[in-house]
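For reference, the structure is listed below as structure tokens.
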Amino acid sequence: MKINQRLFDHYGIDTGKDLKMKARCPKPFDTLLIDKQGSCYACECQSWLPQSIGNLQVMELDDILKSKMRREMQSSIDDGTYRYCNDKICSYLLSPKFEELKGNITNSVRHLRLAIDDSCNLRCPSCRKSMIFHKDGSAYRLGIRLADKINDWLYRYQHPMQVHIGSDGDPFASHVYRHFMEQTPERDNIEYSILTNGLMFKEFHSRVPNIIKNLKELGVSIDGATEKTYEKLRLGGKWEKILEGLECMAEQKRKHGFRFILHYVVQKDNFHEMQEIIDLGERYNADRVWLNKIEDWGTMDDFQSQSIWHNDDYKRELDKVKQRMRQRGDRFIECPTLLK
């Protein structure tokens with residue numbers, strides 16, 4: 001396998017750069033992401049480090065983790081160049097605290113991130129052009145095969161592991177993810193994290209009790225803090241239902257003690273509600289609210305219209321967020337991509 005230079009060019013990544021970083025990012029060493037084609041990546045986001053290190057359809061996970069390509073990705077961290085990393089959008093590299101990163105680097109996988117099915121019950125314009133939902137057909141069958149191969153590996157894996165479910169679709173809407181969660185082993189060394197739109201959590205969380213009681217972190221994507229904005233941007237979602245879901249999540253957090261995080265994609269039609277989403281996080285006892293700048297996933301015909309970052313109204317709203325961050329003096333509010 002060779003480096004796909006056209007892939008890095010597509011993401012605007014200069015593979016000849018040298019960031020001269022002293023900090024060593026642990027992600028290429030302890031993280032593995034698997035997408036819906038079975039391609040594996042040594043990072044938690046394909047657009048941050050887009051080179052595949054192997055494919056689960058034709059290789060075993062143990063062999064992928066020993067691959068030369070994985071070692072090549074790691075070498076760019078060892079020498080401090082970060083030449084394969086997308087330093088324009090990676091929230092870790094953009095964080096002012098990144099250079100303070102210290103700690104032991106382990107070569108065993110501690111974070112397994114699954115993006116094996118993009119089925120969702122929403123059709124948000126920032127994410128997709130139309131509804132995507134697989135419950136039969138080739139994509140569904142491949143997702144089930146990948147889920148089974150991953151679970152077989154997890155049954156044998158002995159190190160501490162956090163499995164993240166839902167980097168592409170919604171875990172509770174997806175028939176592939178439901179299959180995975182119903183079959184995944186309950187082991188002392190495995191914890192789980194979930195990213196969901198929250199609409200089906202109340203209905204389905206009780207069907208996967210071994211996941212919920214071993215849940216480390218629950219993230220909820222919610223791009224509006226009022227009914228009007230939420231239902232405009234989360235197409236197919238209902239404000240009343242997401243509030244019911246948030247209440248149920250807060251109750252489950254009290255019972256099981258997992259971290260509860262709200263994720264908010266800041267864009268033209270919702271930047272004016274950044275204060276309100278922070279209020280919502282406090283209301284439902286979230287541990288953190290992440291505000292992230294919208295990215296171009298090729299799903300919006302007029303993405304340039306989202307360029308509000310020099311708009312005076314946006315700047316005033318961002319200043320309010322900064323002031324609130326200073327007043328709190330903690331990390332409840334995170335917005336590195338807005339502050340770069």
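What's counted below: heavy atoms across the whole structure, side chains too, no hydrogens, waters or symmetry copies. Just so it is clear, the model here is predicted, and its values are computed rather than measured.
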- Task: Check whether any side-chain N or O of Ser76 sits under 3.5 Å from a backbone N or O of Thr81 as a donor-acceptor pair, and report yes or no.
- Result: no
- Query: Going through the distances and angles, do Ile89 and Ser47 end up as a side chain to side chain contact (heavy atoms under 4.5 Å, CB included)?
  - Reply: CA-CA 8 Å; Ile89 63 173; Ser47 61; 3.6 Å; yes
- Heavy-atom closest pair, residues Leu142 and Lys36: CD2-O, 3.3 Å
- Message: Are Thr31 and Arg113 packed together at the side-chain level, in the sense that at least one heavy-atom pair is separated by less than 4.5 angstrom?
- Response: yes
- Step by step, would you call Lys320 with Glu317 a salt bridge (Lys or Arg N to Asp or Glu O under 4.0 Å)? CA-CA 5 Å; Lys320 294 177 185 178; Glu317 293 301 319; 3.3 Å; yes
- Are side-chain heavy atoms of Ile190 and Gln162 found at a separation under 4.5 Å? no
- Item | With Lys213, the side-chain hydrogen bond (donor to acceptor under 3.5 Å, both in side chains) member among His256, Gln252, Glu186 | Glu186
- Message: Could you check whether atom NZ of Lys66 has more than 12 heavy atoms from other residues, nucleotides or ligands sitting under 6.0 Å from it?
- Response: no
- Query: Judged by modelled atom types alone, do Thr226 and Glu273 share a side-chain donor-acceptor pair under 3.5 Å?
  - Reply: yes
- Task: Output yes when a side-chain donor or acceptor of Lys253 lies under 3.5 Å from a complementary backbone atom of Asn285, and no otherwise.
- Result: yes
- Message: Using a 6.0 Å distance limit plus a 45 degree cone around the ring axis, check whether Arg178 lies over the aromatic ring of Phe204.
- Response: yes
- Ring centers of Tyr41, Trp48 separated by less than 6.0 Å: no
- Query: Is the Trp290 to Tyr264 ring centre distance short of 6.0 Å?
  - Reply: no
- What do the steps show when you test Arg316 against Asp313 for salt bridge (Lys or Arg N to Asp or Glu O under 4.0 Å), and what is the final call? CA-CA 5 Å; Arg316 281 191 288 270; Asp313 290 336; 2.2 Å; yes
- Message: Here's one to test your reading of the geometry: is the NZ or CZ of Arg187 within 45 degrees of the ring axis of Tyr157 and under 6.0 Å from its centre?
- Response: no
- Query: Is a salt bridge present between Glu334 and Arg288, judged by a nitrogen-to-oxygen distance below 4.0 Å?
  - Reply: yes
- Message: If we count only N and O atoms by modelled type, under 3.5 Å, do the side chains of Thr337 and Asn292 hold a donor and an acceptor together?
- Response: yes
- For the hydrophobic clusters of this structure (ILVMFWY residues joined by side-chain heavy atoms under 4.5 Å, transitively), does one cluster hold both Tyr11 and Ile294? yes
- Determine whether more than 12 heavy atoms belonging to other residues, nucleotides or ligands lie under 6.0 Å from atom NZ of Lys17. yes
- Message: Can a side-chain donor-acceptor contact be found between Asp9 and Gln5 if the only test is distance below 3.5 angstrom?
- Response: yes
- Look at Glu282 together with Arg328 and state whether they make a salt bridge at an N to O cut-off of under 4.0 Å. yes
- Item | Asp269 with Lys232: basic N within carboxylate O range, under 4.0 Å | yes
- Check the pair Asn270 / Thr229 against side chain to side chain donor-acceptor pair (under 3.5 Å), numbers first and verdict last. CA-CA 7 Å; Asn270 72 1; Thr229 301; over 6 Å; no
- Task: Ignoring hydrogens and angles, tell me if any N or O in the side chain of Gln51 forms a donor-acceptor pair with the backbone of Asn4 under 3.5 Å.
- Result: yes
- Look at the side-chain heavy atoms of Ile, Leu, Val, Met, Phe, Trp and Tyr, link any pair under 4.5 Å apart, and say whether Leu195 and Val265 land in one connected group. no
- Message: What verdict does the side chain to side chain contact (heavy atoms under 4.5 Å, CB included) test give for Lys238 and Tyr230, after you've listed the backbone C-alpha separation in whole Å, the side-chain angles of each residue and the deciding distance to 0.1 Å?
- Response: CA-CA 8 Å; Lys238 295 297 182 182; Tyr230 176 82; 5.8 Å; no
- Cluster question for you: counting only ILVMFWY and a side-chain heavy-atom cut-off of under 4.5 Å, with indirect links fine, are Ile211 and Met249 together? yes
- Task: Go through the steps to decide whether Asp117 and Ser174 satisfy the test side chain to side chain donor-acceptor pair (under 3.5 Å), and finish with yes or no.
- Result: CA-CA 7 Å; Asp117 184 31; Ser174 162; 2.5 Å; yes
- Check the pair Tyr82, Leu93 against side chain to side chain contact (heavy atoms under 4.5 Å, CB included), reporting the backbone distance first and the verdict last. CA-CA 10 Å; Tyr82 285 68; Leu93 283 172; 3.9 Å; yes
- Just by modelled atom types, is the Ser39 backbone N or O under 3.5 Å from a matching donor or acceptor in the Asp35 side chain? yes
- Query: Any donor and acceptor pair, going by atom type alone, linking the side chain of Glu44 with main-chain N or O of Leu33 inside 3.5 Å?
  - Reply: no
- Query: Can a donor-acceptor pair be found between the side chains of Gln275 and Arg324 at a distance below 3.5 Å?
  - Reply: yes
- Task: Could you tell me whether Arg83 and Asp14 have a side-chain N and a carboxylate O separated by less than 4.0 Å?
- Result: no
- Message: Just checking Glu240: does its CD atom have more than 12 heavy atoms from other residues, nucleotides or ligands closer to it than 6.0 angstrom?
- Response: no
- Checking Asn214 side chain against Asn210 main chain: does a donor-acceptor pair fall under 3.5 Å? yes
- With Phe201, which of Ile212, Val220, Ile194, Ile242 fulfils side chain to side chain contact (heavy atoms under 4.5 Å, CB included)? Ile212
- Query: Between Val321 and Leu291, is a side chain to side chain contact (heavy atoms under 4.5 Å, CB included) present by the stated rule, with each step listed?
  - Reply: CA-CA 10 Å; Val321 172; Leu291 308 173; 4.0 Å; yes
- Task: Please check if Ile53 and Ile150 belong to a single hydrophobic cluster, counting links between Ile, Leu, Val, Met, Phe, Trp and Tyr side chain heavy atoms closer than 4.5 Å.
- Result: yes
- Item | Distance (rounded to the nearest 0.5 Å) between Ile64 CD1 and Leu32 CG | 7.0 Å
- Query: Quick one: do Leu65 and Leu49 end up in the same hydrophobic cluster if we chain Ile, Leu, Val, Met, Phe, Trp and Tyr together by side-chain heavy atoms under 4.5 Å apart?
  - Reply: yes
- Just wondering, do Met21 and Phe98 contact through their side chains at under 4.5 Å, heavy atoms? yes
- Note, Leu338 side chain near Tyr314 side chain (heavy atom, < 4.5 Å): yes
- Item | Stepwise side chain to side chain donor-acceptor pair (under 3.5 Å) test for His134 and Asp118 | CA-CA 8 Å; His134 308 294; Asp118 53 1; 3.1 Å; yes
- Message: Can you confirm whether or not the ring centre of Phe260 sits under 6.0 Å from the ring centre of Tyr284?
- Response: no
- Message: Donor-acceptor pair, distance only, cut-off 3.5 Å: does the side chain of Arg70 make one with the backbone of Gly54?
- Response: no
- Query: Should Glu251 and Arg254 count as an ion pair when the cut-off is N to O under 4.0 Å?
  - Reply: no
- Message: For Tyr177, run the side-chain hydrogen bond (donor to acceptor under 3.5 Å, both in side chains) check against Asp170, Asp168, Thr196 and tell me which one passes.
- Response: Asp168
- Message: Testing the 3.5 Å rule here: is there a donor-acceptor pair between the side chains of Asp223 and His263?
- Response: no
- Item | Spatial distance of atom CG (Leu154) from atom NZ (Lys149) [nearest 0.5 Å] | 13.0 Å
- Message: Under a 3.5 Å cutoff, is there a donor and acceptor pairing between the side chains of Glu72 and Tyr84?
- Response: yes
- Ignoring hydrogens and angles, state whether a donor on the side chain of Gln74 or Arg71 is under 3.5 Å from an acceptor on the partner side chain. yes
- Query: Around Asp319, counting heavy atoms of other residues, nucleotides and ligands shown, do more than 12 lie under 6.0 Å from its CG?
  - Reply: yes
- Item | Side chain proximity check, Val176 to Leu146, heavy atoms < 4.5 angstrom | no
- Item | Distance, nearest 0.5 Å, that separates CD of Gln306 from CD1 of Ile308 | 7.0 Å
